[in-house]
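Read the structure below first, then the notes.
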Amino acid sequence: MTKAQRLMIQATNSDAGKSVLVTAFCRIFAQDGYKTAPYKSQNMALNSYITVDGFEIGRAQGVQAEAAGILATTDMNPILIKPSRENESQIVVNGKPYRNMAAFEYREDFFNKGLELIKASLERLDQQYERIIIEGAGSPAEINLNDRELVNMRVAKLANAPVILVGDIEKGGVFASLVGTLQLLSEEDRRRIIGVVINKFRGDIALLQPGLDWFEQYTGVPVLGVVPYLPNLTIEAEDSLILDSYTAQQDLTKDLDIAVIRYPKISNFTDIDPFFAESDCDVRFVSRPDQLKNPDILILPGSKNTIEDLQFLEQSGLKEAILALQAKGNTIVFGICGGFQMLGEEIQDPDHIETTCEKMAGLALLPIHTVMTAEKTTVLSKGVVTYQNKQFTINGYEIHMGQTHLKGNAVPFIQMEKGCDGCKHSSEKILGSYFHGIFHNDEFRAYFLNKVRESKGLAPLTERVAFSQLREDAFDRLAEHVRQHVKMEFITQKMKQFQQRES
């Protein structure tokens with residue numbers, strides 16, 4: 001018998017709320033005194049998380065580990081797939097880059113290796129934890145992929161885990177998607193599903209009840225809960241589909257306008273999350289010059305393929321629009337990681353690490369140049385920022401392939417124990433850094449935003465959010481919300497029954 005009890009969350013489609021529900025269960029079981037770990041065998045995401053020992057995993061598993069009150073490890077996400085160019089991805093194995101592979105190559109050549117990685121990581125987690133909450137991906141009913149999938153029912157079987165199937169009612173057709181998914185599963189896989197949860201519900205539950213009754217009678221599968229939509233949840237999203245819910249329209253009721261460039265290979269866009277919690281900030285994601293307007297702050301976020309996203313800026317007309325905006329002198333331009341690289345004079349890729357283009361001119365707003373290298377930097381970082389004559393100790397993390405070199409009298413942005421990071425213009429209107437999470441540092445963010453307010457003739461805000469506490473409160477709020485709306489006693493009973501079965 002395995003030491004840990006397991007539970008797996010699968011869904012009828014992507015962005016149904018699997019990650020959030022896993023986060024909730026991690027918090028719930030941790031609150032109940034169980035040593036709990038999240039797990040996702042194979043994650044495809046451009047938002048990643050750096051463990052304390054400098055390895056890279058999916059951001060969702062890092063956040064889920066925080067919800068469980070533990071340190072994240074690579075065993076919680078042994079395989080990370082990071083799309084880098086058309087039909088090709090960087091495969092990260094146990095936290096370090098393995099190689100770039102095309103989709104067909106990955107499916108045909110990596111399957112057996114992936115299976116062994118999954119088995120080994122699950123066995124290690126089993127020795128350390130009492131509960132393992134497993135997240136699937138996409139849908140378990142992808143008929144064309146199921147013979148060699150590494151993330152849904154095959155993992156449930158390996159882990160001997162009961163499965164909850166989640167349907168997203170917000171997208172419409174929830175009963176059709178749940179019934180269709182169940183019908184497309186093999187009999188063996190269908191028996192593993194202990195019930196369904198309908199997620200993101202809005203409205204009167206009484207109007208839904210006839211559908212719930214019909215579903216249970218038709219399928220014989222119990223409805224374990226209807227989870228209402230929970231607004232203003234300050235928990236980082238991982239799936240880039242969330243970007244479709246962000247607008248490019250300006251909210252004129254807010255004092256500060258923050259525009260974020262949404263290029264095709266945008267990564268680690270959660271760097272922007274603290275601004276959503278600030279009462280005076282309007283955050284917009286823009287992908288066309290006409291959407292840019294005249295923001296107070298323009299952010300160039302991270303990119304998984306900096307040169308191709310730089311090409312996008314040029315081809316879309318955004319490069320010209322950004323330079324015209326900066327020339328006016330009213331906007332602070334802030335580049336993070338790939339966005340920082342784009343602010344320089346040139347990016348070189350002589351070994352074709354990211355693209356076949358060997359070099360490309362940048363925006364030339366900072367006196368730096370970047371050379372792409374095969375060795376990837378993944379590290380938690382700490383340093384001192386000097387901004388507007390005040391110093392702040394900040395923490396962040398770095399994930400990048402390139403090395404950036406400062407030229408001439410370039411001024412670093414962050415002083416570190418060994419060396420420096422980033423660069424800033426003497427006007428401090430153009431800033432760049434490799435530090436992801438720089439705006440999660442509350443004291444620096446508050447000062448930075450208040451200086452922007454001062455430049456507009458606005459009084460500073462004396463009260464701003466403590467983002468780390470906001471996230472802790474959100475974990476607790478989410479856990480209580482899910483406790484209220486799902487049949488926890490039934491779920492825990494099924495977890496115990498599966499644990500007692502022969503694996």
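Keep in mind it's a predicted model, so treat the numbers as computed, not measured.
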Review point. Looking at F334, F467, F269, which hits ring-ring contact (aromatic ring centres under 6.0 Å, His included) with F439?
Key: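 Option passing the ring-ring contact (aromatic ring centres under 6.0 Å, His included) with F439: F334.
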
Report the distance from atom [atom1] of [X] to atom [atom2] of [Y], rounding to the nearest 0.5 Å.
X    : Y    : atom1 : atom2 : value
I133 : F25  : CD1   : CZ    : 7.5 Å
H485 : L224 : NE2   : CG    : 14.5 Å
Y129 : F29  : OH    : CZ    : 16.0 Å
I347 : M342 : CD1   : CE    : 6.5 Å
N43  : I81  : CG    : CD1   : 8.5 Å
Q497 : Q5   : CD    : CD    : 10.5 Å

Positive for side-chain contact (heavy atoms from CB on, under 4.5 Å) with [X], one of [options]:
X    : options               : value
P140 : Q10, R190, E149, R192 : Q10
M153 : L158, L185, N146      : L185
P38  : V63, T23, I70, I57    : I70

**Study point:** side chain to side chain contact (heavy atoms under 4.5 Å, CB included) between L115 and R154, intermediate numbers included
**Key:** CA-CA 9 Å; L115 208 55; R154 181 171 278 103; 3.6 Å; yes

Is it the case that the side chain of [X] and the backbone of [Y] share a donor-acceptor pair, with hydrogens and angles ignored and the cut-off at 3.5 Å?
X    : Y    : value
R6   : A159 : yes
S89  : I91  : no
N77  : G58  : yes
T270 : D273 : no
N268 : G302 : no
S19  : A60  : no
N160 : A156 : no
D309 : K265 : yes
T74  : P78  : no
D271 : P301 : no

Do [X] and [Y] get their side chains close enough for a donor-acceptor pair, meaning under 3.5 Å?
X    : Y    : answer
S267 : K82  : no
S121 : D75  : no
E480 : Q484 : yes
S433 : D421 : yes
D476 : Q31  : yes
N112 : E116 : no
E56  : S48  : yes
T306 : Q341 : yes

Note: [X]-[Y] ion pair, threshold 4.0 Å (strictly below):
X    : Y    : value
E354 : K304 : no
D32  : R483 : yes
R464 : D442 : no
K3   : D126 : no
E88  : R99  : no
D147 : R107 : yes

Answer whether the closest heavy-atom distance between the side chains of [X] and [Y] falls below 4.5 Å.
X    : Y    : value
E398 : T378 : no
L478 : L230 : yes
I9   : I134 : no

Practice item. Please report the C-alpha distance between T370 and T404 in whole Å, then the side-chain angles of each, then the deciding distance to 0.1 Å, and finally whether the side-chain hydrogen bond (donor to acceptor under 3.5 Å, both in side chains) criterion is met. Key: CA-CA 4 Å; T370 299; T404 296; 2.8 Å; yes

Count the heavy atoms of every other residue, nucleotide or ligand shown that sit under 6.0 Å from [atom1] of [X], and state whether that count exceeds 12.
X    : atom1 : value
Q249 : CD    : no
F444 : CZ    : yes
K376 : NZ    : yes

Exercise for review: Give every residue pair that meets the ring-ring contact (aromatic ring centres under 6.0 Å, His included) criterion with at least one member in residues 200-233, sequence neighbours excluded.
Suggested key: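 Qualifying pairs, neighbours excluded: W214-Y218.
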
Practice item. Please list, chain by chain and in numerical order, all residues satisfying side-chain hydrogen bond (donor to acceptor under 3.5 Å, both in side chains) with K119, sequence neighbours excluded. Key: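 By the side-chain hydrogen bond (donor to acceptor under 3.5 Å, both in side chains) rule, K119 matches no residue at all.
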
**Study point:** Aromatic ring pairing F110/Y106, orientation class (parallel under 30°, perpendicular over 60°, tilted between)
**Key:**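 Plane angle under 30°, so parallel.
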
Review point. How are the rings of Y434 and H400 set relative to one another: parallel (under 30°), tilted (30 to 60°) or perpendicular (over 60°)?
Key: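 The rings of Y434 and H400 lie parallel, inter-plane angle below 30°.
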
Review point. Between R148 and F111, is NZ or CZ placed under 6.0 angstrom from the six-membered ring centre and within 45° of the ring axis?
Key: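 Yes, a cation-pi geometry.
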
**Study point:** Cation-pi check, R131 onto Y34 ring (under 6.0 Å, within 45° of axis)
**Key:**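 Yes, R131 lies over the aromatic ring of Y34.
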
Check your understanding: What do the steps show when you test N100 against S84 for side chain to side chain contact (heavy atoms under 4.5 Å, CB included), and what is the final call?
Key -> CA-CA 8 Å; N100 280 19; S84 55; 3.9 Å; yes

In a table with atom names and distances, give each donor-acceptor pair under 3.5 Å that connects a side chain of residues 165-178 to protein atoms at least two apart or in another chain.
from : atom 1 : to   : atom 2 : distance (Å)
D168 : OD1    : E170 : N      : 2.9
D168 : OD2    : K171 : NZ     : 2.7
D168 : OD2    : K200 : NZ     : 3.3
E170 : OE2    : R202 : NE     : 3.4
E170 : OE2    : R202 : NH2    : 2.6
K171 : NZ     : D15  : O      : 3.3
S177 : OG     : G173 : O      : 3.2
S177 : OG     : V174 : O      : 2.9

Review point. Which residue, E135, K40, R27, forms the side-chain hydrogen bond (donor to acceptor under 3.5 Å, both in side chains) with Q64?
Key: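 Among the candidates, only E135 passes.
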
Review point. What's the verdict on side chain to side chain contact (heavy atoms under 4.5 Å, CB included) for Y397 and V379, showing C-alpha distance, side-chain angles and the deciding distance?
Key: CA-CA 6 Å; Y397 61 97; V379 64; over 6 Å; no

**Study point:** Worked verdict on I28 versus V482 for side chain to side chain contact (heavy atoms under 4.5 Å, CB included)
**Key:** CA-CA 9 Å; I28 287 169; V482 172; 4.1 Å; yes

